[in-house]
Amino acid sequence: MAMLARSVKRVSPFRLASLLRSEKDPSLALQLFRSVNPSPEAKPFRYSLLSYDLVITKLGRARMFDEMEQVLGQLRGETRFSVPEPLFCQVISFYARARLFDRALRTYRSIPGFRCRRSVKSLNSVLHALLKCREYDRMDEVLDDFRNHANPDACTCNILIKALCGSGRLEDARAVFDEMPVRGIRPDGVTFLTLINGLCSNSMLEEAFKLKDDMVRVHGIRPDARVYASLMKGSCKVGDVNMAFGLKEEMLRERIELDAAIYSTLIHALNEVERTAEVSGLLEEMRENGCKPDTVTYNVLISGSCKKKDIDEAYRLLDAMAENGCKPDVTSYNVIMGELCKEGKLDEATDLFEDMPRRGCTPDVVSHRILFRGLCEKMQLKEAAFLLDEMVFKGYTPHDASIYKLVDLLCQEENHELLLTVLNSFRKGKAMKADYWTRMISLACKNNEFSSIELVDHLITS
DNA sequence: GTAGGGTTAG
């Protein structure tokens, strides 16, 4: 493909778009995109909107944001066409996924500069980005500004309700819901699900059940499996597993399809209250209803086996997953690793951690934190220091408690060499907060003949 | 190509 990218000098805009579409590598796609416009003196290539769209989307998916912004900048200068709004929604969601809320906001505000009118769709995209980044305060600003020229819709309200529930402001969430009809907005299935979910996670079961009834009676919307899953989880949260099973019966009566998520929720509930003898019956019923366990179901089963300290069973389930066509995911491994660490089997946990990539699964932040914590707790300090460096390199932050433990133990052991290695890792970590640093150094100096001057000096010169 | 559920870790 690299050969191809270099060789394309004279193609039609249409041909460029089709070449871009089939190019999987985002860097090569960008190279291809640029190759048709070799010099600023030459007659500018008449890129099609589709070519812009394709290359922006590919760069965004690959998180190559600086490059994506460059192409967007070029697109802004193209006066031949106005840019359709969904492209911006897409860009905003890329930034949301990367938790770059300020970039999402900037994109939203830049839309008019692309000869495009902002509608409620891009508003909702940016609100959702702010929700994902937990930047609740900024949501009001954006919304107030928007209200001056257009009206929010049901989706806007759903995002607001979700944000308010997420910050524990259930009353305010309810107020948004109650105001919807006043503003001429009809609540939909998502509205009910979001609010019921919020009520359930805050243990406000009575109101949640009332809302489910109103949903059918007043609004004529049938609750689906998602609503039931929320209610079941809420029931279990307040300790009423039987109520969760009652809801399952209700679903059967009302002929609402029970899916794998429902069974996963119930099996998890049984694990929690140690009624594990009932799990096999539930799995049997699942099979009879023609409902196949998915990855999450298996993960729940794996965590159940781990809870019973039956690691062999957990491994068997891992194999069974592959046989039944669902791939173990990072959670499957994290659960087993967590149990291995808890049992002090650090070598085995490390082996599994290192084996994950070969098994087609990349360890995530959680995997690293689990192993790091295990190593610190079992005093495998050298290994912990090594892993810490790897984490810092990947931009992962360990939990505070694990770090304190590690530094504390190194101080107790008066292991100056390793302590410096650890502090050096911190120095490399851009994500580390400044105050964290000071605390770490003072902890390192305590019970230790290091003077802080000496330490800092050492770190600066090394 | 706007919004929503179930598992793990803290």
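So you know, we letter chains A, B, ... as the sequences are listed, proteins then strands, and number each from 1.
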Colleague: Would the number of heavy atoms belonging to other residues, nucleotides or ligands and lying under 6.0 Å from CZ of Arg147(A) be above 12?
Modeller: yes
Colleague: List the residues meeting ring pair (Phe, Tyr, Trp, His ring centres under 6.0 Å) with Phe353(A), not counting sequence neighbours, and say none if there are none.
Modeller: His368(A)
Colleague: Do Asp214(A) and Lys210(A) sit within salt-bridge range, that is, some charged N less than 4.0 Å from a carboxylate O?
Modeller: yes
Colleague: Give, ordered by number, those residues of residues 327-335 of chain A having at least one heavy-atom distance below 4.0 Å to an atom of DNA chain B; if nothing qualifies, reply none.
Modeller: Thr331(A), Asn334(A), Val335(A)
Colleague: Thr191(A) and side-chain contact (heavy atoms from CB on, under 4.5 Å): which partner among Asn158(A), Ile185(A), Val176(A)?
Modeller: Asn158(A)
Colleague: Residues of residues 102-126 of chain A with any non-hydrogen atom less than 4.0 angstrom from an atom of DNA chain B: list those, numerically ordered, please.
Modeller: Lys121(A), Asn124(A), Ser125(A)
Colleague: If you look at every strand shown and take non-hydrogen atoms under 4.0 Å, does Asp224(A) touch a base, only sugar-phosphate, or nothing?
Modeller: base
Colleague: Looking across every strand, which nucleic acid part, if any, lies under 4.0 Å from Ile267(A) by heavy atom: base, sugar-phosphate, or nothing?
Modeller: nothing
Colleague: Does the cation-pi check pass for Arg118(A) over Tyr108(A), that is, NZ or CZ under 6.0 Å from the six-membered ring centre and within 45° of its axis?
Modeller: yes
Colleague: Would you kindly say whether Arg138(A) and Tyr136(A) are connected by a side-chain donor-acceptor distance under 3.5 Å?
Modeller: no
Colleague: Describe the nucleic acid contact of Asn271(A) in one word from base, sugar-phosphate, nothing, applying a heavy-atom distance below 4.0 Å.
Modeller: nothing
Colleague: Closer than 4.0 angstrom, basic N to acidic O: yes or no for Asp213(A) and Arg217(A)?
Modeller: no
Colleague: Heavy-atom count around Tyr315(A) OH within 6.0 Å, excluding the residue itself: above 12?
Modeller: yes
Colleague: Near DNA chain B, counting only heavy atoms under 4.0 Å, which residues of residues 187-219 of chain A show up?
Modeller: Asp188(A), Val190(A), Leu193(A), Asn197(A)
Colleague: If we check side-chain hydrogen bond (donor to acceptor under 3.5 Å, both in side chains) with Tyr298(A), which of these qualifies: Asn324(A), Asp329(A), Thr331(A)?
Modeller: Asn324(A)
Colleague: Does the distance from a Lys or Arg side-chain N to an Asp or Glu carboxylate O, for Glu339(A) and Lys309(A), drop under 4.0 Å?
Modeller: yes
Colleague: Sorted by first residue and then second, give each ring-ring contact (aromatic ring centres under 6.0 Å, His included) pair with at least one member in residues 257-286 of chain A; sequence neighbours left out.
Modeller: none
Colleague: Under 4.0 Å from any heavy atom of chain A: name the first and the last nucleotide of DNA chain B that qualifies, 5' to 3'.
Modeller: dG1(B) to dG10(B)
Colleague: Centres of the Phe88(A) and Phe114(A) rings: under 6.0 Å?
Modeller: yes
Colleague: Specify whether Phe177(A) and Phe192(A) have parallel, tilted or perpendicular ring planes, treating 30° as the upper limit for parallel and 60° as the lower limit for perpendicular.
Modeller: perpendicular
